[in-house]
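Computation of the quantities below employed the complete heavy-atom set of this structure, encompassing side-chain atoms and omitting hydrogens, waters and symmetry-equivalent molecules. Residue numbers begin at 1 in each chain, while the letters A, B, ... track the order of the sequences.
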There are 2 protein chains.
Amino acid sequence: MSVRKMVSRKSICDTAMQIIQDDGVGALSMRTLATKLGIKAPSLYDHVKSRDEVIALVQGASLLNFGDGFANAGPTSRDKILFYRAWALANPNLYPIVFQEKLHRDLLPDGLEQKVLGVVVAAAGGSHVQARAMWAQLHGLVDLELQGRFPNDADLDLTWEHAILSLEAAKKAHLA
Amino acid sequence: MSVRKMVSRKSICDTAMQIIQDDGVGALSMRTLATKLGIKAPSLYDHVKSRDEVIALVQGASLLNFGDGFANAGPTSRDKILFYRAWALANPNLYPIVFQEKLHRDLLPDGLEQKVLGVVVAAAGGSHVQARAMWAQLHGLVDLELQGRFPNDADLDLTWEHAILSLEAAKKAHLA
DNA sequence: ACCTGAACACCGTTCAAGT
DNA sequence: ACCTGAACACCGTTCAAGT
């Protein structure tokens, strides 16, 4: 008579992601998550080891989503950089989970981290050192912007354009 | 007969800072903080409005400490940059509170934020755009390093040297 | 295998009561 | 003014018990 529950790791991940998207990580409790899935909190532990594992699932799904978008963004490093910012601004509550939470590497789809890092290195011109500096530049800009650390009257578009030019110059200098 | 308690906003700030330094923000609860001060948790609310205000106090004290150090570091932008990293690595649990937590501007010592931003802008050669890009570069490198996001075999000293060269080149280009 | 209610040891915060 | 115990509405997690 009653509808089958059909709770799964996938449905847990999807629901958790939606909660985080809508109201931030702070809104994700085992009780609210369970309620949204139509079960009670303790039942979650039949599908998942801990709240940390739920976060890890969201991390994997979001990193996959980001990685695909980054790889499929336009071919120039400018395209990649602008995509990075756009993805972060479109997913402000997911961004910190992907790029600030400790990576739960054991739970990530196999080779996913490598794949994403590979595309970033490629966008940086193949140098690991240059890729790390570039990633840090983008991450720093996004993080400070999301946290509202820049003055209200700061022209962030201009700041990004400046960073793009600097990164391209650094790439050239590094290759030379 | 018994010793005077002498709990004050200053002692609350100092004790909170010590807890955070030692065991991270996660270890700071109103109950543990109160216990360390020799009182009970509800009594804290006679000195402080909320846990957030405690965080704000720590934020102010830490920003002051950072700002002084940054201003007194060697005169070259290289000196400032290396100080930034050194301060972060020496205060890994305080760094996120100063540079990631929402700034509680109403509770900060007057003009403190301006003063620190001023020194950063000076180190960047006077340009606000260049200063923001530089700050973001340093913040990104520190954050990714503290979070262990770079591969274990990554040569971070080299990455920082690369970033320093890039920033100096960008500064020159921007001035030209 | 999957779900439940009850419980444990925590939170931040409020409040009436004491001095 | 400063401190207390008791309480409220939350946490994550465990566990015995049901199906």
Can you tell me how far [atom2] of [N] sits from [atom1] of [X], to the nearest Å?
X: A:Met30; N: D:dT13; atom1: CE; atom2: P; result: 6 Å
X: B:Asp46; N: C:dC15; atom1: CG; atom2: P; result: 13 Å
X: A:Asp52; N: D:dT13; atom1: CG; atom2: C1'; result: 13 Å
X: A:Leu37; N: C:dT4; atom1: CG; atom2: C1'; result: 16 Å
X: A:Lys40; N: C:dT4; atom1: NZ; atom2: P; result: 6 Å
X: A:Ile39; N: C:dA1; atom1: CD1; atom2: P; result: 16 Å
X: A:Leu28; N: D:dC10; atom1: CG; atom2: P; result: 16 Å
X: B:Met6; N: D:dA1; atom1: CE; atom2: P; result: 16 Å

Of A:Ala27 and A:Lys49, the one whose nearest nucleotide on DNA chain D sits closer to the 5' end is A:Ala27
Nearest-neighbour nucleotide for the [X] side chain, [options] considered:
X: A:His47; options: D:dC2, D:dG5, C:dC2; result: C:dC2
X: B:Arg31; options: D:dT13, C:dT13, C:dT4; result: C:dT13
X: A:Pro42; options: C:dG12, D:dC11, D:dT14; result: D:dT14
X: B:Tyr45; options: C:dC2, D:dC3, C:dG12; result: C:dG12

Side-chain N or O of B:Ser43 versus OP1/OP2 of D:dT4: is the shortest distance under 4.0 Å? yes
Any side-chain heavy-atom pair from A:Arg85 and A:Glu145 closer than 4.5 angstrom? yes
Residues in side chain to side chain donor-acceptor pair (under 3.5 Å) with A:Asp46, at least two apart? none
For this output row, return yes or no: ring centroids of A:Phe150 and B:His128 closer than 6.0 angstrom. no
Can the ring centres of A:Phe66 and A:Tyr84 be said to be less than 6.0 Å apart? yes
If you assign B:Arg51 and A:Leu44 each to the DNA chain C nucleotide with the nearest heavy atom, which residue ends up on the more 5' nucleotide? A:Leu44
With both distances kept under 3.5 Å, what pairs with C:dA16, Watson-Crick or G-U wobble? D:dT4
Determine whether the side chains of A:Asp143 and B:His139 contain a donor N or O and an acceptor N or O closer than 3.5 Å. yes
